[in-house]
Amino acid sequence: MRNNINWNFDNSYSRLSDAFKEHIKPVAVKNPELVLLNEDLCKELNLDFTKINKDKLSDLFTGNILPEGSNTIAQAYAGHQFGHFTMLGDGRAVLIGEHITNDNKRYDIQFKGSGKTAFSRNGDGRAALGPMLREYIISEAMYYLNVPSTRSLAVAKTGETIIRDAPLQGAILTRVASSHIRVGTFQYVAARNKDDELEIFLDYAIKRHYPELVNSKKKALDLLNILIDKQINLVVNWMRVGFIHGVMNTDNMTISGDTIDYGPCAFMDTYDPETVFSSIDKTGRYAYCNQPAITKWNLSRFAECLIPLIHKDKDQAIKRAKEIINTFEKKYEERWMNMMRKKLGLQGSDDKDKFLIVDLLTWMHQNKVDYTNTFCHLMDEKIKDDKIYDNEDFQSWKKRWKIRLKINNNSPDKYKKLMKTFNPLVIPRNHKVEEALEAAKKDNMKPLTHLLKILKSPYTQQNGILNYQIPSNLDEKYQTFCGT
Ligand code: AMP
Ligand code: MG
């Protein structure tokens with residue numbers, strides 16, 4: 001059926017080898033109902049749905065009607081899941097097409113929860129309403145926190161029941177990403193052992209994400225270097241806001257450097273480096289403090305894929321890749337220190353900065369203090385419960401901090417301004433997210449809409465923000481789940 005909203009599709013991935021994908025349509029759903037549409041994102045993408053009635057929008061955002069110019073595919077990929085290599089692919093997602101905006105930016109438009117594909121294995125290809133709304137909330141929150149991320153355009157109910165531990169309402173999320181090329185996509189292509197395919201794919205990824213490398217004589221190494229940079233930037237941002245991804249498998253790491261796959265993720269309240277929310281992460285492989293090391297591990301898997309393209313001589317290629325991978329720690333440490341300095345409003349660097357930073361984190365850990373709110377307190381922002389900061393050890397730390405603040409022509413105006421761009425006043429607190437989801441499941445979208453509104457301006461004071469700053473009051477340890 002013809003459907004001209006102002007989608008402007010140009011489906012470059014579809015033109016790649018059929019070995020990389022399956023041509024498949026979303027499976028039609030019984031009773032579609034749009035429940036969320038991201039109007040701000042529509043505007044950014046130059047999409048205007050305002051003249052389309054709700055029924056038709058519901059059909060459009062479940063795939064019952066496909067827009068003109070779309071070319072629907074499921075992408076093949078592989079990945080190390082908790083360290084073990086597996087063939088994967090879009091088991092419950094379909095790429096509708098690549099939309100080009102007026103300013104020539106290219107975005108994948110993907111349905112998540114759109115039915116079985118060749119890669120579904122034993123899964124039903126479907127997704128539940130709660131987790132799709134959760135991805136919408138957290139991914140949008142990340143975007144407004146200035147953390148690179150995929151985004152969410154819409155959530156629609158399918159009107160079908162899906163079976164998990166209990167019967168749940170089915171739903172489809174429309175995900176927007178600069179691409180869905182993952183480390184795992186490279187692993188898939190590399191595992192096919194066809195160097196010409198790998199080279200074509202490398203060229204494709206470079207042209208799409210890093211066109212500045214198109215004429216490079218050492219594309220593979222340059223891409224590896226850029227990806228190290230991008231992923232360090234990403235993980236430093238996660239550490240900054242206390243985000244725990246929860247399932248950093250190589251198939252959940254993008255080449256663009258955006259956060260992807262909001263399954264078992266959550267934000268940390270009390271500062272504890274060992275924090276894990278994911279129900280299946282028994283060993284803490286993806287704990288808050290392990291995220292940088294896992295990033296490096298994943299990048300090493302990425303480097304392995306590129307070996308045939310780095311040098312004809314395998315030993316030489318490995319040597320060069322290793323040299324680059326081994327730059328990770330130093331780069332990470334530098335970027336993390338600079339980020340923490342900014343959280344504390346410090347100008348320039350001082351030999352003792354590391355001690356100052358680590359001592360604050362240790363104090364938070366030992367005294368079970370909220371991570372986000374501590375920085376709010378340091379910015380003199382009002383928070384509900386600030387008695388803990390009368391603590392003697394904290395006060396003596398604060399004196400050291402005040403002395404350090406004076407270095408390099410700093411002033412209260414200057415340091416507060418800096419701190420305010422690095423320390424969010426509000427993050428998606430787990431209990432607030434749960435409260436919004438529970439209401440949404442009963443067709444009350446008000447708490448969710450309000451939460452989204454608050455999360456849109458995380459660095460600005462807003463009326464009624466205090467309730468959104470309270471650390472989680474959930475009785476039991478908060479648990480999150482994969483593949484829900
Ligand atoms: P994830 O944990 O979301 O990264 O998914 C890991 C793999 O499992 C991917 O290949 C997904 O497409 C697949 N998968 C997750 N849930 C389902 C489902 N309900 N049906 C089919 N495949 C799924
Ligand atoms: Mg995934």
Side-chain angles (χ1 to χ4, degrees), residues 20-22 24-27 29 62-63 72-96 108 110-136 138-139 142 149-150 152 158 160-173 175 177 179-189 191 234 244-256 258-266 276-282 285-286 294 298 301-302 479-484:
F20 302 162
K21 70 212 180 237
E22 179 202 18
I24 185 164
K25 296 216 177 328
V27 180
V29 308
T62 48
T72 53
I73 57 170
Q75 291 174 316
Y77 52 86
H80 276 89
Q81 298 192 302
F82 286 88
H84 304 285
F85 187 74
T86 324
M87 285 295 177
L88 296 159
D90 291 329
R92 56 163 170 174
V94 166
L95 180 65
I96 301 306
D108 273 9
Q110 191 201 58
F111 288 157
K112 184 167 172 180
S114 53
K116 281 190 190 170
T117 72
F119 311 107
S120 298
R121 294 173 293 167
N122 298 321
D124 60 1
R126 291 297 188 195
L129 178 64
M132 294 306 99
L133 291 173
R134 194 167 184 278
E135 171 155 347
Y136 187 116
I138 313 273
S139 63
M142 292 286 268
S149 176
T150 62
S152 298
T158 60
E160 293 169 11
T161 301
I162 66 164
I163 305 299
R164 294 294 180 262
D165 286 345
L168 298 172
Q169 302 178 65
I172 293 175
L173 170 83
R175 177 157 71 182
S179 89
H180 285 83
I181 306 173
R182 306 146 189 267
V183 166
T185 323
F186 270 89
Q187 288 181 293
Y188 172 84
V189 177
L234 184 63
I244 300 160
H245 183 283
V247 61
M248 291 175 69
N249 296 333
T250 54
D251 52 300
N252 293 336
M253 182 187 257
T254 58
I255 299 304
S256 62
D258 293 332
T259 313
I260 196 169
D261 227 320
Y262 292 88
C265 62
V276 170
F277 294 109
S278 168
S279 62
I280 57 166
D281 192 359
K282 302 288 182 213
R285 180 180 168 92
Y286 300 136
I294 288 292
N298 288 350
R301 305 291 78 72
F302 180 61
Q479 280 217 318
T480 53
F481 304 91
C482 279
T484 37

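Every number for a ligand or one of its atoms is a count from 1 in the order of the listing. These numbers come from a predicted model, not from an experiment.
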(request) Return the option from Ala76, Gly89, Ala78 holding the heavy atom at the smallest distance from atom 9 (C) of ligand 1. (result)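 Shortest heavy-atom distance from atom 9 (C) of ligand 1: Gly89.
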
(request) Starting from atom 1 (P) of ligand 1, find the nearest protein heavy-atom neighbour and note its residue, name and distance. (result)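 Here the closest protein heavy atom is Asp261 OD2, 4.1 Å.
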
(request) Among all protein heavy atoms, pick the one closest to atom 15 (C) of ligand 1 and tell me residue, atom and distance. (result)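 Atom 15 (C) of ligand 1 sits closest to the protein heavy atom Arg92 NE, 3.6 Å.
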
If you define the side chain from C-beta out and look only at heavy atoms, does anything of [X] sit under 4.5 Å from [Y]?
| X | Y | result |
| --- | --- | --- |
| Tyr286 | Asn249 | yes |
| Cys265 | Ile244 | no |
| Val29 | Arg126 | yes |
| Arg301 | Met253 | no |
| Ile260 | Arg182 | yes |
| Glu22 | Phe119 | yes |

Indicate every side-chain donor-acceptor pair of residues 80-87 with a distance under 3.5 Å to a residue at least two apart or in another chain.
unit_1 : atom_1 : unit_2 : atom_2 : d
His80  : ND1    : Gln187 : NE2    : 2.9
Thr86  : OG1    : His84  : O      : 3.4

(message) So for Gly125, does at least one of its heavy atoms come nearer than 4.0 angstrom to any atom of ligand 1?
(response)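 Yes, Gly125 has heavy atoms under 4.0 Å from ligand 1.
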
(request) Test salt bridge (charged side-chain N to carboxylate O under 4.0 Å, His left out) on Asp261 and Lys112 and set out the steps. (result) CA-CA 10 Å; Asp261 227 320; Lys112 184 167 172 180; 3.4 Å; yes

(request) Pull up every protein N/O/S atom sitting under 2.8 Å from the Mg ion (ligand 2), skipping waters. (result)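 Short answer, with waters excluded from the count: Asn252 OD1, Asp261 OD2.
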
Region of [X] that comes within reach of ligand 1 [heavy atoms, distance under 4.0 Å]:
| X | value |
| --- | --- |
| Asp124 | both |
| Phe119 | neither |
| Lys112 | neither |
| Arg121 | side chain |

(request) Verify whether one side chain among Ser152 and Ser139 offers a donor that lies under 3.5 Å from an acceptor in the other. (result)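 Side-chain D/A pair, Ser152 to Ser139: present.
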
(message) Below 4.0 angstrom, counting only protein heavy atoms, does anything approach atom 12 (O) of ligand 1?
(response)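 So far as the 4.0 Å threshold goes, atom 12 (O) of ligand 1 is in reach of a protein heavy atom.
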
(message) Tell me whether the rings of His245 and Tyr262 are parallel (<30°), tilted (30 to 60°) or perpendicular (>60°).
(response)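 Ring orientation, 0 to 90° scale: tilted.
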
